[in-house]
Novice: 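Below is one structure. I have some questions about it.
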There are 2 protein chains.
Amino acid sequence: MATETVENYIKAIYVLCRESPSGEAGVVRLAHEVGVTKGTATSMIKRLAKLKLVKAPRYSGVTLTAIGKRVALDVLRRHRIIETFLVSTLNLDWSDVHEEAERLEHALSPRTLDRLDEFLGRPSTDPHGDPIPSASGKVLELRGKALSAYVKGTKVEIVRILDQDRSFLKFVAQSGLKPGVRVTIDAVSPQGDSITLQVKRGQSVTLSQNAAAKILARLQ
Amino acid sequence: MATETVENYIKAIYVLCRESPSGEAGVVRLAHEVGVTKGTATSMIKRLAKLKLVKAPRYSGVTLTAIGKRVALDVLRRHRIIETFLVSTLNLDWSDVHEEAERLEHALSPRTLDRLDEFLGRPSTDPHGDPIPSASGKVLELRGKALSAYVKGTKVEIVRILDQDRSFLKFVAQSGLKPGVRVTIDAVSPQGDSITLQVKRGQSVTLSQNAAAKILARLQ
DNA sequence: TTTATAAGTTTGACTACTCAAACTTATTTG
DNA sequence: CAAATAAGTTTGAGTAGTCAAACTTATAAA
Ligand SMILES: [Mn+2]
Ligand SMILES: [Mn+2]
Ligand SMILES: [Mn+2]
Ligand SMILES: [Mn+2]
């Protein structure tokens, strides 16, 4: 079995590969993501390569092998089911659960995970709208487009928040922008680099294009 | 904060001190409990002493300091609340939850633990009848006497199973001897080294004195 | 009271993980 | 294209945790 540290690296590599257009994870960003120096990340990558979890040509980007991808999806499944439990059953704050799940995800046996999943009614997404991979390792990553991609007047439904940063999540929640909420694109200002949404009548929120890019929504 | 390993040692020392009449934990038994060699246990004890968690005179038994005792009760509280959750909410098997809680107990933040405790209705004992220490570190260890201490004809209520061994727990559960169950002492045979209980009408169980000593019960 | 044995300690070596700092290769940019 | 800079690697050292085996001290038996 992979250690807690290995699981964290693999999950981070999965996320980074998904984000980068080249489909590869860079060492510096990986190091930053897991909170270590780049030298440490390099040596860990070597170990992961020896474990057949990643492919890492020298002086180039890291990618997951099929086995590595499977490990990542397992960890992600655990992480998101736990987050769902913490929010929907224990009523913990939406913006706090990530750190907690970060530790708990390494301590759940398959059986307990399945019981938890059953108890929660087999949810398909977590509180942030992140899709929960199936037990067999399948996941539908793309649902919706970035808020910044819609034009003025469009009515959309928030489906996912891509950033796990606590303060950003806190701000998003404060603005009433949880997954499932419907908003109207009120104004788009390329000069001001901002976008304004109407959440309810009389309540509008202005976001930078950058922030709006981290919130996914779909039509209707 | 204490590492996972440190927490495991401290908890084991707490349990061993409670069991031994001298109130001290031996290195060999501690090593066995934690699953390491005695040399490893010795070197860990040194670290624990440096951390002011234990007192360990050379070539003699280990005892917890006040700080160490506090750590032990914190871990025990987490362990037992988790076990309660796994059994009463997720319907996991009574005899399986110990191993699971053994890992989860190191991953729960105080806030999440409190929410879980609240969700469960602030239970006072876990599924094995073990008392759950309070958040402030208080615990009532002694409730009931060993089954082997009662005489023939006595009607008692099972309150606690002292052994966490899976096969023993499985046997106990199979025999219908959970905490809360009422039984009658049917026969005591000093020669046969055994004791026979009537659980329901027509259902009786025979235990060795040794096994009966690990099951606590109280009158009525 | 000696002696065998159990309990406890020490030593040397190993894996997993980490950092700082020097170094090498790749990528920008003037 | 050459120089500057960013990205990636290597080296040396350190902590946490572990084992096997040799060793020392305490305890129980003879
Ligand atoms: Mn994690
Ligand atoms: Mn999430
Ligand atoms: Mn444990
Ligand atoms: Mn228990």
Side-chain angles (χ1 to χ4, degrees), chain A residues 1-13 15-17 19-64 68 71 75 102-103 105-107, chain B residues 1-13 15-17 19-64 68 71 75 102-103 105-107:
Chain A
M1 240 299 188
T3 72
E4 176 162 344
T5 309
V6 165
E7 287 191 342
N8 284 334
Y9 275 91
I10 291 296
K11 195 178 60 167
I13 292 168
V15 171
L16 289 174
C17 288
E19 280 178 10
S20 96
S22 65
E24 294 176 347
V27 175
V28 170
R29 292 204 56 196
L30 174 60
H32 182 259
E33 185 81 12
V34 288
V36 297
T37 64
K38 52 188 184 170
T40 302
T42 295
S43 69
M44 177 54 86
I45 288 166
K46 273 191 181 164
R47 297 228 321 269
L48 298 178
K50 202 163 283 175
L51 291 169
K52 304 283 182 196
L53 295 173
V54 305
K55 203 154 230 84
R58 244 163 139 257
Y59 287 99
S60 157
V62 185
T63 51
L64 291 177
V71 171
V75 181
E102 201 54 55
R103 294 191 312 277
E105 66 190 356
H106 312 287
Chain B
M1 239 301 190
T3 72
E4 175 161 345
T5 309
V6 165
E7 287 191 342
N8 284 333
Y9 276 90
I10 292 295
K11 196 177 60 168
I13 292 168
V15 171
L16 289 174
C17 287
E19 280 177 9
S20 95
S22 65
E24 294 176 346
V27 174
V28 170
R29 291 206 55 195
L30 174 59
H32 182 259
E33 185 82 11
V34 194
V36 297
T37 63
K38 53 188 182 169
T40 301
T42 295
S43 68
M44 177 55 85
I45 287 166
K46 274 192 181 161
R47 298 226 320 268
L48 299 178
K50 201 163 285 175
L51 292 169
K52 304 284 182 196
L53 295 172
V54 305
K55 202 154 228 84
R58 247 165 135 255
Y59 288 100
S60 158
V62 184
T63 50
L64 292 176
V71 171
V75 182
E102 201 55 53
R103 294 190 312 277
E105 66 189 356
H106 311 288

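Note that the structure is predicted; figures quoted are calculated from it, not measured. A, B, ... follow the sequence lines: proteins, then strands. Residue 1 opens every chain.
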Novice: Once you apply a heavy-atom cut-off of 4.0 Å, does A/S43 come out as touching a base, just sugar-phosphate, or nothing?
Specialist: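 Answer is base: heavy atoms of A/S43 come under 4.0 Å of a base.
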Novice: I need the NZ-C1' distance between B/K46 and D/dT15, as an integer number of Å.
Specialist: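 Checked: the NZ to C1' distance equals 16 Å.
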Novice: What is the distance, to the nearest angstrom, from the CD atom on A/E4 to the C1' atom on C/dA16?
Specialist: 13 Å
Novice: Only counting residues at least two apart or in another chain, list the ones meeting side-chain hydrogen bond (donor to acceptor under 3.5 Å, both in side chains) with A/S43.
Specialist: none
Novice: Using a cut-off of 4.0 Å on non-hydrogen atoms, how would the nucleic acid contact of A/T40 be classed: base, sugar-phosphate, or nothing?
Specialist: base
Novice: Give me the atom names and distance for the closest heavy-atom approach of A/A31 to A/A41.
Specialist: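 Minimum heavy-atom separation between A/A31 and A/A41: CB-CB, 3.8 Å.
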Novice: Measure from OH on A/Y9 to P on C/dA16 and round the result to the nearest Å.
Specialist: 14 Å
Novice: Measure the distance from CG on B/L53 to P on D/dA16 and round it to the nearest whole Å.
Specialist: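 In whole Å, D/dA16 P lies 13 Å from B/L53 CG.
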Novice: Distance from A/I10 atom CD1 to A/M44 atom CE, nearest 0.5 Å?
Specialist: 9.0 Å
Novice: Specify the separation, in whole Å, of atom CG of B/L16 and atom C1' of C/dG8.
Specialist: 15 Å
Novice: To the nearest Å, give me how far apart CE (A/M44) and C1' (C/dT15) are.
Specialist: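 Checked: the CE to C1' distance equals 12 Å.
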Novice: How long is the span from the CG atom in A/L53 to the CG atom in A/L64, to the nearest 0.5 Å?
Specialist: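 So the CG of A/L53 and the CG of A/L64 are separated by 8.0 Å.
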Novice: List the residues meeting side-chain hydrogen bond (donor to acceptor under 3.5 Å, both in side chains) with B/E33, not counting sequence neighbours, and say none if there are none.
Specialist: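 For B/E33 there are no side-chain hydrogen bond (donor to acceptor under 3.5 Å, both in side chains) partners, ignoring immediate neighbours.
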Novice: Does a side-chain N or O from B/T42 land closer than 4.0 Å to OP1 or OP2 of C/dG8, or not?
Specialist: no
Novice: Nearest-Å distance, CD1 (A/I45) to C1' (C/dA16)?
Specialist: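 Value for this atom pair: 16 Å.
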Novice: Can you sort out the partners of A/S60 under side-chain hydrogen bond (donor to acceptor under 3.5 Å, both in side chains), two or more places apart, ordered by chain and number?
Specialist: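 Result, side-chain hydrogen bond (donor to acceptor under 3.5 Å, both in side chains) vs A/S60: none returned.
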Novice: Let me spell it out: for each of A/V6 and B/S60, pick the nucleotide of DNA chain C with the closest heavy atom. Which residue's pick is nearer the 5' end?
Specialist: B/S60
Novice: Whole angstrom is fine here: how far is it from CG in B/L51 over to P in D/dT15?
Specialist: 14 Å
Novice: Contacts to DNA chain C from residues 20-36 of chain A, heavy-atom cutoff under 4.0 Å, which residues?
Specialist: A/G35, A/V36
Novice: I'd like to check the salt bridge (charged side-chain N to carboxylate O under 4.0 Å, His left out) partners of A/K11; sequence neighbours left out, ordered by chain and number.
Specialist: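 Checked A/K11 against salt bridge (charged side-chain N to carboxylate O under 4.0 Å, His left out); matches are A/E102, A/E105.
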Novice: Tell me which pairs pass side chain to side chain donor-acceptor pair (under 3.5 Å) where either residue lies in residues 20-30 of chain B, with sequence neighbours left out.
Specialist: B/E19-B/R29, B/S20-B/S22
Novice: Can you sort out the partners of A/T3 under side-chain hydrogen bond (donor to acceptor under 3.5 Å, both in side chains), two or more places apart, ordered by chain and number?
Specialist: none
Novice: Mark up nucleotides 22-29 of chain D, 5' to 3', with B wherever a protein heavy atom is under 4.0 angstrom from a base atom, S wherever such an atom reaches only the sugar-phosphate, and - elsewhere.
Specialist: --BSS---
